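Quantities reported herein were computed from a predicted structural model and do not represent experimental measurements. Within every chain, numbering begins at 1; the chains are lettered A, B, ... in the order of the sequence lines, protein sequences first and strands thereafter. FYI, side chains are in, hydrogens and waters are out, and symmetry mates aren't considered; it's all heavy atoms of this structure.
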Protein chains: 2
Amino acid sequence: MSVHLLQTATSVLLKDPTASLGDVAKAAGVGRTTLHKRFPTRADLIHALATEALDLVDEAISGVDLDTDDAIEQLVEKLVPLGPRVEFLLRFPNLQDDERLSVRLTTMDQPVIDLISRLQGTRLRADLPAWWIAQILYAGVYSAWEGIAAGRLAPLDAPRLVLTTFYLGVRDAGATDRQ
Amino acid sequence: MSVHLLQTATSVLLKDPTASLGDVAKAAGVGRTTLHKRFPTRADLIHALATEALDLVDEAISGVDLDTDDAIEQLVEKLVPLGPRVEFLLRFPNLQDDERLSVRLTTMDQPVIDLISRLQGTRLRADLPAWWIAQILYAGVYSAWEGIAAGRLAPLDAPRLVLTTFYLGVRDAGATDRQ
DNA sequence: CAGGAGGTGAACACTCATGTTCACAACGGT
DNA sequence: ACCGTTGTGAACATGAGTGTTCACCTCCTG
């Protein structure tokens, strides 16, 4: 139930960062007093949401063997379902105000950057900055989650769509005109 | 100066959607009274920001000849500099509460979707949904703007980076292992 | 110089989210 | 049956953002 509370709070605050704690409590089907008992202040709640999201993403990344051939494939599989949590970390304002959160945020994707750097020259283009490739990867994952949330994309189709776009782009390889 | 006010307000409210009108006024180097005189309520200000952003994006899209070969290239060139305004439209919550804004938001990128649909089968892969290709395009533009804002990407490099990733993906075409 | 337009800070009343306390109900274990 | 735990609504004080008014200033124009 506590998990469900954090999940609901994440969704509510993402949809409207100015939502009152009363709104959050109501959405979670819980009394405002109870919410205050578990998270004394609004900052505490947001900190808890960020920490939980960081834990989940860390867990997803560390659950992937970064030395196998399909590391990126595994990563995408694991990240897509985290949808709102990733969104919270990427979009919620002023998360970097907290020292410890800031550190975790900046170091979180270092393993991913390293992985990409390692793959550049073999499976990945070496003429692009590693951080850019990581950004594009995250953007794809996030876009896929948006599509799922909007009902336009089947969850099981998401990883394939993200990966094929990520690796091959959108150009028709059989097209006669090249540029 | 009015333009600068709207631009500053956009940046401030994006960085912190809960920022007070006093903060906005101070950031814009203007008195809070003046701000209230021009935009009687907070909702009026946000509505004005959204409308201006919509105008700019509309202008960018309609300024591109969608029948030429390099329509997408032109589009990217024009959209990247709009950075924060696009971000505002994509990320600011509850914009769809306003009827007229909502309509403009949903119909804004229809020409782009149509363009993509037209190009599918010739220059663009036909095995991907048009809306997905549009999302990936926007994500690339937005990522580029983030890179520029973070100082990691030179503005003049942005369009090339977006387009090559968009069309070709990130796979090393010369790699020996295929999948 | 006179007067209007636009901008400003100060002050005010008002609303609302917030944080706190308290009394009460439901529940499980002893 | 007793008691600690957990959750709840009600009520309250507080603080901050908001919207408004007003007197004052500067600048530009007739």
Side-chain angles (χ1 to χ4, degrees), chain A residues 1-53 55 84 87-89 91-102, chain B residues 1-53 55 84 87-89 91-102:
Chain A
M1 187 194 223
S2 174
V3 172
H4 180 253
L5 196 165
L6 292 176
Q7 193 169 339
T8 304
T10 298
S11 299
V12 172
L13 288 179
L14 271 180
K15 198 161 66 180
D16 179 11
T18 72
S20 73
L21 296 185
D23 295 335
V24 174
K26 189 166 56 184
V30 88
R32 191 169 73 94
T33 311
T34 306
L35 190 63
H36 269 106
K37 196 161 295 182
R38 199 168 318 193
F39 308 104
T41 77
R42 170 180 262 263
D44 291 331
L45 173 62
I46 291 174
H47 185 274
L49 297 183
T51 300
E52 195 225 13
D55 289 343
E87 185 181 358
F88 187 84
L89 292 180
R91 312 267 172 250
F92 213 80
N94 303 337
L95 245 46
Q96 72 287 358
D97 287 357
D98 186 301
E99 178 71 24
R100 299 176 57 186
L101 285 185
S102 178
Chain B
M1 188 194 225
S2 174
V3 170
H4 179 252
L5 197 165
L6 292 176
Q7 193 170 338
T8 305
T10 299
S11 300
V12 172
L13 288 179
L14 272 179
K15 198 160 67 181
D16 178 12
T18 72
S20 73
L21 297 185
D23 295 335
V24 174
K26 189 166 54 183
V30 89
R32 192 168 73 94
T33 311
T34 307
L35 190 62
H36 269 107
K37 195 163 293 182
R38 201 169 315 193
F39 308 103
T41 76
R42 171 181 261 264
D44 290 331
L45 174 61
I46 291 173
H47 185 274
L49 297 183
T51 300
E52 196 225 12
D55 289 343
E87 185 180 359
F88 187 84
L89 292 179
R91 313 257 172 259
F92 214 80
N94 304 337
L95 245 47
Q96 73 287 358
D97 287 359
D98 186 301
E99 177 71 25
R100 300 175 58 185
L101 285 185
S102 179

Name each donor-acceptor pair under 3.5 Å that joins a side chain in residues 26-33 of chain A to protein atoms two or more places apart or in another chain, with its distance.
none

Can you check side chain to side chain contact (heavy atoms under 4.5 Å, CB included) on B:Leu101 and B:Thr51, steps first, answer last? CA-CA 7 Å; B:Leu101 285 185; B:Thr51 300; 4.0 Å; yes

Is B:Phe39 close to B:Leu5 at the side-chain level, that is, under 4.5 Å between some pair of heavy atoms? yes

More than 12 heavy atoms of other groups within 6.0 Å of B:Arg100 CZ: no

Grab the CZ-P distance between B:Arg38 and C:dA5 for me, whole Å please. 16 Å

Taking CG from A:Asp44 and C1' from C:dT18, how many angstroms apart are they, rounded to a whole number? 13 Å

Going by the rule salt bridge (charged side-chain N to carboxylate O under 4.0 Å, His left out), which residues pair with B:Asp55 if we only count those two or more places apart in sequence or in a different chain? B:Arg104

Expected string for nucleotides 17-22 of chain D under the B/S/- scheme (protein heavy atoms, under 4.0 Å, primed atoms plus P, OP1, OP2 as sugar-phosphate) is SBBBB-

